Number of protein chains: 2
Amino acid sequence: MTVSDRGDLVVHDQVADRLRQVGQRYTARRQEVVDLLRQAGRPLAMHELLDAAGDLPMSSVYRSLSVLERAGAVTRYPTAGGHGLYELSEALVGHHHHLICTNCGRMEDLDVPPLQEGDLERVVEAIAADRRFHPTAHRLELVGVCADCA
Amino acid sequence: MTVSDRGDLVVHDQVADRLRQVGQRYTARRQEVVDLLRQAGRPLAMHELLDAAGDLPMSSVYRSLSVLERAGAVTRYPTAGGHGLYELSEALVGHHHHLICTNCGRMEDLDVPPLQEGDLERVVEAIAADRRFHPTAHRLELVGVCADCA
DNA sequence: CTTCCTGCAAAAGTTTTGCATTAAC
DNA sequence: GTTAATGCAAAACTTTTGCAGGAAG
């Protein structure tokens, strides 16, 4: 068993738990969708998912994502093109931020070291402090040219 | 002449400039779309724009937004629903961030005071420093429950 | 065996486009 | 006058849904 296999198991277990909590089954189709997202390791657009899905019917992908999103296993993100990007939720893969390349349009995951994440959280707290807004989460996106495109 | 009127003039002038630079005219239709965004003061979804557009034909709204976006006068943002939110670009209305309400789904503008924006920029610099990524912009979104929904 | 999930195909909804007309320069 | 923008309606594309058959508990 490889490290990756173990990671898969943990993720699948967690997804199964979350689905169970909302009265849903973790079926083969839904596992396939989770695997697609897991293998990508970055947020995927619907058309990328559909392409990668191979013989998976379109409606299964849509319905699986919808259920997984409702169960909190998948999160939907922005894209300049206007359609969502799907990713396994932070609860499964950990808190992280994103890099968006202005050239190729890709969105990559950005793991911020604890020290810097701490700094960021303090700034977020300070910003929220004197507003009538109580943040439960924050998202930071760095926009620029990625290593591949530079 | 009110303060708001003066602001409108400045915005319209800047939009006109930007359009001219890409060889486009600032027509009545395009001005109407800019006014809709300006009056909203927050990012609008396409369907909100179409609703607010009244007698403006759908295809004009789409085409105007497309041109304005290409000219850098309008920016498109994420939404949980997957479709974009449109807003006048930061070049026109100044650098700001966003609050996203988990209850009503609204995205509000968030003006960060210079001191805190400075802190934020330092954190962003630190995060980007040891990566092969050169950020040209950053976006911060605070997710939580807004004042109206609390 | 009972409930939920899946796949298909059709429907609904959204965005884009061709082309004749109108407006801008 | 010449070029570009607009409005309409059709086309293309995306997403959702109804329903019969199949799988899961």
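Not measured: the values here are computed from a predicted model. Per chain, numbering begins at 1; letters A, B, ... match sequence-line order.
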Mapping Ala28(B) and Met58(B) to their closest nucleotides on DNA chain C, which lands nearer the 5' end?
Met58(B)
Between the side chains of Asp35(A) and Arg38(A), is the shortest nitrogen-to-carboxylate-oxygen separation below 4.0 Å, so that they form an ion pair?
no
Please state how far atom [atom1] in [X] lies from atom [atom2] in [N], giving the value in whole angstrom units.
| X | N | atom1 | atom2 | result |
| --- | --- | --- | --- | --- |
| His47(B) | dT15(C) | NE2 | P | 10 Å |
| Leu65(A) | dT14(D) | CG | C1' | 14 Å |
| Leu85(A) | dT14(D) | CG | C1' | 16 Å |
| Glu32(B) | dG7(D) | CD | P | 8 Å |
| Asp55(B) | dC8(D) | CG | C1' | 15 Å |
| Arg20(A) | dC5(C) | CZ | P | 13 Å |
| Arg30(B) | dA23(C) | CZ | P | 15 Å |
| Tyr26(B) | dC25(C) | OH | P | 13 Å |

Only one of Leu44(B), Leu99(B), Leu85(B) passes side-chain contact (heavy atoms from CB on, under 4.5 Å) with Met107(B), and that residue is Leu85(B)
So Arg63(A), base contact, sugar-phosphate only, or nothing? Heavy-atom distance under 4.0 Å.
base
Ser60(A) near the nucleic acid: base, sugar-phosphate alone, or nothing, with a heavy-atom cut-off under 4.0 Å?
sugar-phosphate
Phosphate OP1/OP2 of [N]: any [X] side-chain N/O under 4.0 Å:
| X | N | result |
| --- | --- | --- |
| Thr27(B) | dT6(D) | yes |
| Gln24(A) | dC5(C) | yes |
| Arg29(A) | dG7(C) | yes |
| Tyr62(A) | dT15(D) | yes |
| Arg25(B) | dA23(C) | no |

Arg29(B) side chain vs Leu56(B) backbone, donor-acceptor pair below 3.5 Å:
no
Test item: Glu108(A) side-chain N/O and Arg42(A) main-chain N/O as donor-acceptor pair under 3.5 Å:
no
The bend of the helix from dC1(C)-dG25(D) to dC25(C)-dG1(D), taken between the axes of its five terminal pairs at each end and rounded to 10°, is 40°
Which residue lies more 5' along DNA chain D, comparing Leu50(A) with Leu56(B) via nearest heavy atoms
Leu56(B)
Go through the steps for Glu121(B) and His95(B) under the test side-chain hydrogen bond (donor to acceptor under 3.5 Å, both in side chains), then give the verdict.
CA-CA 12 Å; Glu121(B) 264 157 32; His95(B) 180 56; 4.9 Å; no
Tightest non-hydrogen contact, residues Phe133(A) and Gly144(B), listed as CZ-N, 3.4 Å
Do Arg30(A) and Gln24(A) have side-chain N/O donor and acceptor atoms under 3.5 Å apart?
yes
